[in-house]
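Proteins get letters first, then strands, A, B, ... in listed order; numbering begins at 1 in each.
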Number of protein chains: 4
Amino acid sequence: MNTGVKVLDKQERKKYISEKTLELISEKGLTNLTMEDVAFSCNLSKGSIYNYFKNKNSLIVSAFSALLEKVQNFFEENESVLSQDCAEASADFYANLYSEILNTFPSKELMRLFEILMNSTHDQSMMKILTQTFKENYGKILGKFEKLFNSKTKAFMLQAMFDGLVIYRAVGIEFSNEEIKNNFKKMILSFTEDNKN
Amino acid sequence: MNTGVKVLDKQERKKYISEKTLELISEKGLTNLTMEDVAFSCNLSKGSIYNYFKNKNSLIVSAFSALLEKVQNFFEENESVLSQDCAEASADFYANLYSEILNTFPSKELMRLFEILMNSTHDQSMMKILTQTFKENYGKILGKFEKLFNSKTKAFMLQAMFDGLVIYRAVGIEFSNEEIKNNFKKMILSFTEDNKN
Amino acid sequence: MNTGVKVLDKQERKKYISEKTLELISEKGLTNLTMEDVAFSCNLSKGSIYNYFKNKNSLIVSAFSALLEKVQNFFEENESVLSQDCAEASADFYANLYSEILNTFPSKELMRLFEILMNSTHDQSMMKILTQTFKENYGKILGKFEKLFNSKTKAFMLQAMFDGLVIYRAVGIEFSNEEIKNNFKKMILSFTEDNKN
Amino acid sequence: MNTGVKVLDKQERKKYISEKTLELISEKGLTNLTMEDVAFSCNLSKGSIYNYFKNKNSLIVSAFSALLEKVQNFFEENESVLSQDCAEASADFYANLYSEILNTFPSKELMRLFEILMNSTHDQSMMKILTQTFKENYGKILGKFEKLFNSKTKAFMLQAMFDGLVIYRAVGIEFSNEEIKNNFKKMILSFTEDNKN
DNA sequence: TATGAATGAGCCTTCATTCAT
DNA sequence: AATGAATGAAGGCTCATTCAT
């Protein structure tokens with residue numbers, strides 16, 4: 001029995017299904033997502049999905065985690081350069097980063113994250129596990145800003161602005177990236193100023 | 001036949017049903033809302049709802065509009081005092097206003113607005129009408145900021161931050177209102193600085 | 001609104017569905033009974049059944065009650081003659097009655113009663129309501145014997161024998177009615193003897 | 001190749017699986033029994049069960065046989081003392097035996113026997129083989145009473161009473177063992193009286 | 001023989017919508 | 001306008017059984 005290998009396989013397939021599910025959610029939304037869709041897009045039968053996930057909810061949770069991981073990676077990859085010590089340079093750097101992400105990361109995908117979160121508001125157990133996962137991952141993303149601003153609240157506010165813009169864009173509101181970038185910088189600077197004192 | 005009166009009646013009842021629907025959506029979310037729920041909470045039969053709304057979607061659109069109107073009124077009422085001319089005073093005023101609203105307006109309710117929006121992402125025709133309504137109403141709210149900042153983008157960004165925070169709070173993230181208010185002010189000031197030049 | 005009439009209608013239809021269900025259970029058994037079967041045999045759509053019964057279980061409970069009522073009526077009708085005061089005559093009377101019932105009442109139908117009971121053994125909530133109903137109805141049937149024998153236990157034992165025979169017969173075991181009747185009488189007499197003392 | 005041994009092994013494992021299945025049926029009932037349950041409780045994979053049994057039904061038949069055998073052994077063990085020749089002593093002996101069995105043999109287990117039987121009522125082929133097995137085994141048990149009473153019917157009736165009581169008890173009806181025993185004796189005596197003539 | 005992933009038919013249940021009254 | 005019974009499509013989930021390894 002080579003269970004070591006088999007377990008890995010199973011894990012990989014769960015991941016595969018989760019990612020396919022994510023795509024489907026982006027396409028059709030949570031409510032319209034059916035297990036049949038998932039099965040079909042994975043070239044599996046409906047019953048097979050249930051060999052990997054207990055039910056639809058746990059599949060969604062898994063897809064949600066995969067999405068958050070993706071978002072986090074996206075932030076980290078682009079950020080890996082280095083943290084700056086000069087406030088001006090930092091502001092410049094992050095303003096560029098965020099406007100870049102806002103520009104390139106599929107808005108709809110990030111928006112899904114909130115769609116999933118919101119839809120779960122009415123299901124205690126789902127909500128609990130999703131917000132848990134959400135906080136953990138966003139915590140990591142916010143870490144950098146927390147250090148930069150020396151304030152958790154400010155970090156939240158900046159990220160909230162970013163997320164808000166993501167949603168606006170996802171629902172079809174348009175704005176100039178250049179302006180966004182400049183204002184990001186302005187804001188970051190104003191938030192870092194306190195640190196000097 | 002006093003049809004004039006009757007037409008009015010019908011409008012009023014549509015309004016009534018929309019508001020009841022809104023309450024229900026706040027309670028149970030969009031997905032769990034059934035026409036039976038609506039009928040019951042309006043003391044009507046299921047079939048009767050269809051005398052007022054063509055189908056579930058148009059009921060939701062109507063509820064969505066009612067919600068937006070409510071939000072707008074809420075902003076306007078609190079704002080009606082007067083617009084300030086001194087930048088410092090304006091920043092103070094709006095920081096107070098927003099943190100007040102963030103604090104008192106039921107987060108979940110405002111969050112619903114986005115839940116509805118997001119859920120509709122996958123339904124072209126719904127999306128079209130909802131974003132239309134959304135833009136119109138938010139346009140009015142943003143008007144003040146646009147004037148203050150002399151920039152549409154800045155106005156959007158401030159509002160986006162506000163909405164992002166609403167969502168964060170709705171999913172259970174907590175932060176101090178005092179800090180939020182101070183940072184709001186800081187940000188508004190940094191955004192208005194340009195105007196001086 | 002003539003609700004009085006309508007409510008009656010609804011009650012009658014529930015009854016009708018319950019009875020159709022009973023027939024189906026007799027034909028196909030509990031496990032093989034599908035809501036589709038029920039709907040079809042009632043000339044209704046599947047969804048309509050759910051306008052009358054919350055779920056399959058409550059339909060089964062209703063059918064069970066209907067069956068018990070039927071059994072009870074069967075006993076009572078045949079018994080209505082009068083209760084005898086002479087022991088010999090009583091024994092004669094009841095022996096005749098029981099062998100008659102055993103002979104004419106569809107064994108399979110009575111057996112269903114136990115099939116339903118047994119299948120519910122693993123579902124606490126079902127079990128509770130079914131045994132409750134069962135005890136109430138059998139209590140009425142047993143009442144006569146309790147009086148005759150002046151003993152609850154004896155009444156149970158006689159009825160248990162009857163039910164056991166019903167099951168035996170339902171699973172294909174055959175025996176002579178004449179002998180059964182004679183032995184019934186013998187047994188009843190032996191059970192009543194004590195009372196003389 | 002020592003196939004002789006292997007065949008024995010296979011037989012033994014079938015027996016083992018049947019017994020485990022029996023336990024599971026007692027726990028969860030027939031309807032809720034899944035092949036997965038069986039496999040798990042045998043420390044086997046689902047597929048492996050099918051190396052021993054053609055399908056679920058034949059597994060159930062096997063478990064049913066195992067149960068009947070168990071019942072029979074139970075009766076025989078307790079009975080092995082010897083058969084009495086004095087009617088009074090016989091009655092005493094059997095009354096004790098039956099009330100003892102009724103008391104100690106897990107009611108639910110015996111009840112399962114009838115549950116299995118009844119559930120099979122709707123499956124011709126199952127029914128045929130199960131009733132066959134049932135008759136054979138009960139035939140052996142009834143043998144003693146047949147001799148004692150000199151009547152097959154009386155034997156059936158006594159056993160039917162016993163089985164009925166088993167079911168009553170399994171569904172939660174309670175009665176005093178002492179009374180049961182006394183009445184058993186009374187009944188046996190009344191049934192043996194004829195033989196004197 | 002053992003495994004366990006894959007299958008697919010089947011069932012219960014929900015719910016928006018219609019329509020006769 | 002109001003009613004509410006009827007509809008039927010759709011979806012989540014289960015499970016006996018098969019089969020490649």
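Listed nucleotides: E:dA16, F:dG12, E:dT13. Nearest to the side chain of C:Tyr50: E:dT13.
Note: NZ (C:Lys46) to P (E:dG10) measures 12 Å, nearest angstrom. Rounded to an integer number of Å, the gap from B:Met35 CE to F:dT7 C1' is 16 Å. Rounded to an integer number of Å, the gap from A:Leu33 CG to F:dC13 P is 11 Å. When the C1' atom of E:dC19 is taken as reference, atom CD1 of B:Ile49 falls 17 Å away, rounded to whole Å. One atom, NZ of A:Lys54, and another, C1' of F:dT14, lie 14 Å apart when rounded to the nearest Å. The nearest whole Å value for the distance from the CG atom in A:Asn51 to the P atom in F:dC15 is 13 Å. One can place CG of A:Asn32 at 10 Å from P of F:dG12, the figure rounded to the nearest angstrom. The separation between B:Asp9 atom CG and F:dA2 atom P is 10 Å, rounded to whole Å.
At the phosphate of F:dA2, OP1 or OP2 sits under 4.0 Å from a side-chain N or O atom of B:Tyr52. Between D:Ser45 and the phosphate of E:dG4, there is no side-chain N or O to OP1/OP2 separation shorter than 4.0 Å. The phosphate of E:dC12 has OP1 or OP2 within less than 4.0 Å of a side-chain N or O from C:Lys56. Listed pair A:Arg13 / E:dA6 meets the phosphate criterion, a side-chain N or O lying under 4.0 Å from OP1 or OP2.
Residues C:Ser48 and C:Ser45 bring a donor and an acceptor atom of their side chains to less than 3.5 Å of each other. A side-chain donor from one of A:Thr31 and B:Asn119 sits under 3.5 Å from a side-chain acceptor of the other.
In this view, A:Tyr16 and A:Lys20, A:Cys42 satisfy the side chain to side chain contact (heavy atoms under 4.5 Å, CB included) rule, not counting sequence neighbours.
Listed here is the closest heavy atom pair of A:Leu30 and A:Lys56: O-NZ, 3.9 Å.
Salt bridge status for C:Lys15 with C:Glu69: present, with a side-chain N to carboxylate O gap under 4.0 Å.
Aromatic ring orientation, B:Phe114 versus B:Phe134: perpendicular (interplanar angle above 60°, classes split at 30° and 60°).
Mapping B:Asn57 and A:Ser48 onto DNA chain E by nearest heavy atom places A:Ser48 at the nucleotide closer to the 5' end. If C:Gly47 and D:Asn55 are placed on DNA chain F by their nearest nucleotide, the residue sitting closer to the 5' end is C:Gly47.
Where DNA chain F pairs in unbroken runs of 3 or more (Watson-Crick or G-U, both distances under 3.5 Å), the stems are E:2-21 with F:2-21.
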Checklist line | Worked check of side chain to side chain donor-acceptor pair (under 3.5 Å) between D:Ser125 and D:Asp123 | finding: CA-CA 6 Å; D:Ser125 61; D:Asp123 181 334; 3.0 Å; yes

